[in-house]
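First up is the structure itself, then whatever we jot down about it.
Naming convention: chains lettered A, B, ... in sequence-line order (proteins, then strands); numbering from 1 in each chain.
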Amino acid sequence: MPELPEVETICRTLREGTPTSPSLLGNIISGARVFWARSLETPGVEEFYSRLPGQSINYIDRRGKFLVFSLNRDSLLIHLRMSGDILIEAVDSPIAKHHRLVVNFQNDTRMAFNDPRKFGRVWLVAKPEAVTRRLGPEPLEEEFTAADLYHRLQTSHRQLKPLLLDQSFLAGLGNIYADESLNLAHLHPLVSSQSVTEEQAYRLWASIRQVLNEAILRNGSSIDWVYRGGDFQDYFRAYDREGQPCLECGTIIQRIRVGQRSTHYCPQCQKLP
DNA sequence: ACGAGCGCCTGTCGGC
DNA sequence: TGCCGACAGGCGCTCG
């Protein structure tokens, strides 16, 4: 489920709390349990157990698709990959089937990392940059300008879709929001990046930000059995709309394979030059 | 430098 | 009903 808007939604929920679940800020960690060792990227399980107790959650942030928990001495980073989710529950509730790791708090609640497909990863490190250092710019930050995007496109010779999925080019886009952004910008997913004009780059920049901001306003997208409570899926323009009419021109949305990923686009609005 | 293919995993869905 | 392949919001690796 997790691209930037979904991770941002989870991040805000954990940081700010909801009527039914209070903020995690200030929670003191009492311990942890790992049920699937490969979910823990670093350190080893024993060190993970010994370093966590006594540290409290001072802040919760997002970098790309990573959740970043700032503790007293360390940072706890979680990447949800394809099927990961974060649940807050009572410490004495049963361990659900796909719980891979839990962090217990002194207030008798716990944070569970639930991940059916086991692709997600957790890091406990002294410096978060050790994990996030290779990420590209944050698309919603003010410092990320259209001129910046244009120059980055110029320095690459790749197709737009795989480039947008490359987290070192831009942090946070995944398959859904790459397709949505390209559709809104009227750019074909196979267009070569260095052929994009300044005006097209501006359109892509504005489209990426518009799509991500609207998705965050709708708490992200909910698809299949991994449900998060967002409803941006009801506003998709291209993604998962193969065979349906383009909302702008009525042409049937096509699905092709690009870099092993399903790619949806309107052949009329998004023409190859 | 780039794209293709594959591995990592479990679950769901459609076709036969 | 059961089986089987295709597919899924990600990413790191190898190989041409």
Just the rounded figure in Å: distance from [atom2] of [N] to [atom1] of [X].
{"X": "A:Leu163", "N": "B:dA1", "atom1": "CG", "atom2": "P", "result": "14 Å"}
{"X": "A:Arg100", "N": "B:dG11", "atom1": "CZ", "atom2": "P", "result": "8 Å"}
{"X": "A:Arg134", "N": "C:dC13", "atom1": "CZ", "atom2": "C1'", "result": "12 Å"}
{"X": "A:Phe35", "N": "B:dT10", "atom1": "CZ", "atom2": "C1'", "result": "19 Å"}
{"X": "A:Leu170", "N": "C:dG10", "atom1": "CG", "atom2": "C1'", "result": "16 Å"}
{"X": "A:His157", "N": "B:dG3", "atom1": "NE2", "atom2": "P", "result": "11 Å"}
{"X": "A:Ile78", "N": "C:dG10", "atom1": "CD1", "atom2": "C1'", "result": "16 Å"}
{"X": "A:Leu164", "N": "C:dG10", "atom1": "CG", "atom2": "P", "result": "13 Å"}

For the residue pair [Y] / [X], report whether a side-chain donor-acceptor contact shorter than 3.5 Å exists.
{"X": "A:Gln55", "Y": "A:Asp74", "result": "yes"}
{"X": "A:Lys97", "Y": "A:Asn114", "result": "no"}
{"X": "A:Asn72", "Y": "A:Ser56", "result": "yes"}
{"X": "A:Glu41", "Y": "A:His79", "result": "no"}

Would you say [N] has OP1 or OP2 under 4.0 Å from some side-chain N or O of [X]?
{"X": "A:Lys65", "N": "C:dG10", "value": "yes"}
{"X": "A:Lys118", "N": "B:dT10", "value": "yes"}
{"X": "A:His98", "N": "B:dG11", "value": "yes"}
{"X": "A:Ser83", "N": "C:dA8", "value": "no"}
{"X": "A:His79", "N": "C:dG10", "value": "no"}

Fill in: Proximal nucleotide (of C:dC11, B:dC2, C:dG9) relative to the A:Arg81 side chain
C:dC11

Response to the item:
Out of C:dG10, B:dC2, C:dC7, minimum distance to the side chain of A:Ser156 belongs to B:dC2

Discussion item. Using heavy-atom distances to pick each residue's nearest nucleotide on DNA chain C, tell me which of A:Gln167 and A:Arg117 is more 5'.
Written reply: A:Arg117

Using a 4.0 Å heavy-atom cut-off across all strands, classify [X] as base, sugar-phosphate, or nothing.
{"X": "A:Arg38", "answer": "sugar-phosphate"}
{"X": "A:Tyr239", "answer": "sugar-phosphate"}
{"X": "A:Lys97", "answer": "sugar-phosphate"}
{"X": "A:Arg255", "answer": "sugar-phosphate"}

[N] to [M] separation - [atom1] atoms, rounded to the nearest Å:
{"N": "C:dG9", "M": "B:dC2", "atom1": "P", "value": "24 Å"}
{"N": "C:dC7", "M": "B:dG5", "atom1": "P", "value": "14 Å"}
{"N": "C:dC3", "M": "B:dC8", "atom1": "C1'", "value": "24 Å"}

Item to complete: Record whether the side chain of A:Arg158 comes under 3.5 Å of the base of B:dA1 through a donor-acceptor pair of N or O atoms.
Response: no

Worksheet item: Do A:Gln260 and B:dG5 share a donor-acceptor pair, side chain to base, under 3.5 Å?
Response: yes

Discussion item. So is the aromatic ring of A:Phe119 stacked onto the base of B:dC8, judging by whether the centres are under 5.5 Å apart and the planes are under 30° apart?
Written reply: yes

Worksheet item: Roughly how far, to the nearest 0.5 Å, is CD of A:Glu3 from CD of A:Glu180?
Response: 9.5 Å

Practice prompt. Give none if B:dC6 has no partner; otherwise give the nucleotide forming a Watson-Crick or G-U wobble pair with it, both distances under 3.5 Å.
Written response: C:dG12

Worksheet, complete the sentence: Only one of A:Ile29, A:Thr109, A:Leu24 passes side chain to side chain contact (heavy atoms under 4.5 Å, CB included) with A:Val103, and that residue is A:Ile29

Discussion item. Counting neighbours of CZ on A:Arg33 that are heavy atoms of other residues, nucleotides or ligands and sit closer than 6.0 Å, is the number greater than 12?
Written reply: no

